[in-house]
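To keep things clear, I will list the structure first and then write my remarks on it.
Just so we're on the same page: letters track the sequence lines, and every chain starts at 1.
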Amino acid sequence: MKQRLPVIIAAISGLVILAAFFFQPFTAPYLGLVLNWAIIVSSVALLVAIAGLFVTHIRFILKGRRGFLYSIILVLTFLATLILGWYLGLDDPAYLIGIQTVLVPLENALMALIALILMSAAVKIFRVRGWSVLTISFGVSALVFLFLNLGFFQFDSIPGLGAIVSALQRLPLIGARGLLIGLGLGALLMGLRVLFGQEALRE
Amino acid sequence: MSDQPDELRICPNCGQANALYTLRCIRCGEELEGLFALEGFESLSEPAGKEPEEDLAPMADILASLDESPLLADENKPEEESLEKAGGTEDGQPEDGKDDPDWLERIRQRAKEEEDAAGALAMGGIALDDRRSHEGRKQVDEAFDEIMRRIREQNEREKARRSRRVESDLVDENGDPEWLRRIRELHPNREDDSQKIQADASVTDSLDDEWTEEELQELLRREIGLPETPDEEAEETITQEVPTPLLPTDEHKPSLSEPIAENFEEEVLQAEPDPEDFHNIPEDDDQTLKNELRDDLPSDEVEETLLADENQTEAALEPDLEESAEPDETLVNEKDGEPVEALELELDSEPEEVSPDLLLLRNQRDRASVFTDIIGQEGRRTIAVLREHHHQSKIGRLVLGLLLILGVILAILLGPPGSVDLPSPAPGMSFAENLNSIDPDEAVLVVLDYQAASRSNIEPLAARTMEILEEKGASLHLVTSNPENLWLDPNQVPDDFIPAGMLGYLAIATGASSSWGEMPIQQALKGDLDLFGEVDQVILISDSAEFVRMWLEQISPWQPRIKTSVITTPVSGPILLPYYDSGQLQGFVAGLADASNLDVEPQTLINQRAYQVGMLLMIVILLLGMITKADEDSQRRAEEQNR
């Protein structure tokens with residue numbers, strides 16, 4: 001019973017949401033109630049996660065664990081952001097500038113690293129996986145769309161080539177549609193498994 | 001010194017170098033369990049300057065030395081003991097290295113100079129021995145039992161041989177030896193032959209007469225494996241200490257056991273057809289042992305066994321001669337009253353444990369043979385190599401990365417920023433048309449959900465959209481559930497923060513208020529509790545196609561009258577195309593490529609030249625990767641053809 005209780009709760013919640021969707025005028029208040037419960041629970045879970053992160057790094061500092069300097073930086077930054085935001089307010093320009101000064105360069109650097117890693121992976125895929133239909137199609141499509149997005153040339157002025165380029169540019173639509181259909185089918189299957197209690201919740 | 005060479009085992013079948021713990025050869029699949037070798041029994045040759053007193057060791061010392069051998073060492077035994085032994089000069093090692101060759105002295109010197117007592121030079125060999133002893137302890141025990149069995153057998157044969165020697169020396173009143181009389185008794189009807197044999201026996205007697213001390217010494221040297229021409233000192237010692245066995249008296253005549261007598265008769269009978277080979281000197285036991293081994297063992301194991309036995313002969317003869325010297329000792333004591341300790345000392349070979357230097361040399365020899373094989377196999381690949389690491393690849397990556405960064409920097413610094421000159425896609429045009437169709441009295445809900453990294457791709461478009469909406473006089477309401485959007489753009493500060501992300505939007509979108517009061521999500525809103533009540537348009541500003549998809553699939557069905565359009569990044573654009581085709585989206589602009597649809601001023605955009613240079617560099621790198629791969633494949637094919 002202890003193991004089945006979460007499954008039962010999940011199934012009932014799904015049925016309520018589903019029923020609320022079909023019988024909106026009558027079940028909407030109950031749906032709002034369930035959603036607010038979920039919001040409260042998720043918000044508390046977020047607080048617990050923040051507290052857990054803070055306590056964990058405090059423990060690392062006290063034990064002198066290897067790399068505890070990073071823990072010190074994290075704790076100090078966390079406390080400074082919390083105290084300054086509390087004291088100055090979220091709309092304070094100085095506070096916003098301070099946050100942006102840290103946040104924007106960090107995320108930009110991360111994004112640039114991702115671009116380099118993706119480029120390196122694109123080159124490495126030929127060495128690792130050799131010549132296959134997958135790698136060749138990947139390489140050709142990457143080259144074609146990189147070239148099309150350069151903006152050096154306008155293909156609309158050429159009658160035949162413009163139609164070809166237009167057809168090529170609709171290829172992502174085909175791929176995205178297949179991807180979304182797969183996602184939808186997977187979500188449907190998972191929902192049905194939850195509703196019928198077939199999806200075992202793992203610890 | 002690396003331990004890598006110690007982890008190689010040579011396959012006896014094909015010669016392939018395998019890992020130490022490989023059970024089967026990686027090339028031919030041959031069992032490698034039989035590669036075990038008794039290193040402790042090798043190299044038992046006696047040093048030239050060895051003192052005779054040191055050579056004498058009973059069987060117990062042999063067993064003790066075997067137990068102390070690194071090969072048979074217990075794994076719990078402290079490693080320091082082995083290392084100290086490898087050090088060389090402390091226990092049981094000759095202090096003077098005057099007679100040692102230079103290379104051995106250099107090895108010892110290097111071992112001393114290492115960090116610990118044994119040094120890294122000897123650690124590899126000792127570690128190899130320890131591993132072998134650990135793994136093949138059972139095999140070691142079996143091999144040890146086998147060796148002890150051979151020693152006992154050889155001891156028995158030596159006893160029989162010496163007994164035959166004593167028996168052959170017995171003569172009757174006619175001068176006929178005892179063995180001849182036995183032959184005559186066994187073959188009475190072949191008197192002629194007997195006479196002939198008797199005539200030959202006289203020759204034999206003459207041979208007996210010629211059985212001098214030198215011959216005995218030669219025989220002993222051959223038995224114990226000494227060089228054929230020993231130095232004069234050793235010869236003198238044997239000559240003085242080992243008297244020629246004389247005729248014993250009757251009361252001390254040893255009695256032949258029955259099987260030994262039968263063997264003796266068989267040997268004599270076999271010697272009859274070839275009287276020229278007939279002599280009373282028994283066959284060399286080493287050769288006999290080799291013949292027996294060839295009969296007992298498979299042909300491929302014979303050579304290994306013989307090689308091992310050649311090294312083990314001294315150890316085998318030591319207890320053998322010790323026991324076999326007992327009757328001689330009795331005889332000598334009876335005759336001369338002199339002990340035969342000197343004989344034992346001479347016959348006693350080195351029973352002590354093998355010098356670590358010798359083990360080290362053996363390991364080095366094995367490694368040298370392994371390297372020789374590997375060098376011989378150079379260019380011939382026995383197994384497929386999945387990946388080959390080249391140092392040039394790291395340099396190539398560094399060069400490519402620097403080239404990419406340098407190109408982008410130069411494009412930013414040099415020249416004008418350029419302008420976006422791309423064709424306008426249909427979703428972008430639809431977004432612009434929808435934006436222009438908004439009436440002044442309409443309410444527009446703007447939902448912010450993007451990261452700081454994508455702000456340069458989104459914020460110029462979002463700012464232009466806000467500007468257009470303000471020009472039209474539409475009422476705007478900005479909300480976000482992403483904390484970053486509270487701080488990113490001071491010009492787009494959200495009016496409300498929606499907790500719990502998509503769940504919060506869904507709770508608001510259901511639009512139902514309970515009769516028992518406000519819900520928690522409604523208390524989080526500052527202004528109007530019905531966020532979607534008067535809204536006609538929703539503009540999602542997000543860099544996540546997933547967020548847009550969730551909005552369209554979860555929120556929009558609860559508010560079907562609200563039109564939705566999106567400002568997003570080029571990465572998310574293709575995912576949103578199906579929603580645009582189905583009419584769920586009024587349109588979307590994906591990054592700066594669609595900026596022309598909104599007439600964004602060029603100075604607000606990022607450097608278009610840097611964007612184009614980055615794209616060009618990516619194309620070049622991708623092409624280089626493909627060309628390099630094709631070149632490697634062609635070279636490999638050429639090498640295979642040449643091979």
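With respect to the salt-bridge test (charged N to carboxylate O, under 4.0 angstrom), the residues Arg637(B) and Asp633(B) do not qualify.
The distance from atom OH of Tyr505(B) to atom OG of Ser481(B), rounded to the nearest 0.5 Å, is 4.0 Å.
Summarising the geometry of Val75(A) relative to His57(A), their closest heavy-atom pair is CG2-CB, 4.0 Å, with the distance given to 0.1 Å. Thr569(B) and Ser454(B) get closest at one heavy-atom pair: CG2-CB, 4.0 Å.
Contact annotation for Ala545(B): neither backbone nor side-chain heavy atoms come within less than 4.5 Å of a heavy atom of chain A. Contact of Leu31(A) with chain B is made through the side chain alone, with heavy-atom distances under 4.5 Å. For Tyr580(B), no part sits under 4.5 Å from any heavy atom of chain A, backbone or side chain. Proximity to chain B (any heavy atom under 4.5 Å) is restricted, for Leu179(A), to the side chain, taken from C-beta onward. Only the side chain of Leu180(A) comes within contact range of chain B, with heavy atoms under 4.5 Å apart. Using a 4.5 Å cut-off between heavy atoms, Leu143(A) contacts chain B through both its backbone and its side chain. With a 4.5 Å cut-off on non-hydrogen atoms, Leu183(A) touches chain B through its side chain but not through its backbone.
Ranked by heavy-atom pairs shorter than 4.5 Å toward chain B, the options Leu110(A), Leu116(A), Leu96(A) are led by Leu96(A). The greatest number of non-hydrogen atom pairs below 4.5 Å with chain A, out of Glu553(B), Arg549(B), Met626(B), is found for Met626(B). Taking chain A as the reference chain and counting heavy-atom pairs below 4.5 Å, the highest number among Leu624(B), Leu616(B), Leu623(B) is found for Leu616(B). Of the listed residues (Asp581(B), Leu506(B), Leu576(B)), the greatest number of heavy-atom pairs within a distance under 4.5 Å of chain A belongs to Asp581(B).
Using a 3.5 Å distance cut-off with no hydrogens or angles, the side chains of Tyr450(B) and Glu459(B) do pair a donor with an acceptor.
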**Asked** Can you list the steps and then say if Tyr95(A) with Gln100(A) is a side chain to side chain donor-acceptor pair (under 3.5 Å)?
**Response** CA-CA 9 Å; Tyr95(A) 181 74; Gln100(A) 289 181 16; over 6 Å; no

**Pair Arg127(A)-Glu632(B), salt bridge (Lys or Arg N to Asp or Glu O under 4.0 Å): steps then yes or no** = CA-CA 9 Å; Arg127(A) 292 177 176 273; Glu632(B) 287 179 356; 2.7 Å; yes

Could you pull out all donor-acceptor pairs under 3.5 Å where a side-chain atom in residues 37-49 of chain A meets a protein atom, sequence neighbours excluded?
| from | atom 1 | to | atom 2 | distance (Å) |
| --- | --- | --- | --- | --- |
| Ser42(A) | OG | Ala38(A) | O | 3.1 |
| Ser42(A) | OG | Ile39(A) | O | 2.8 |
| Ser43(A) | OG | Ile39(A) | O | 2.8 |

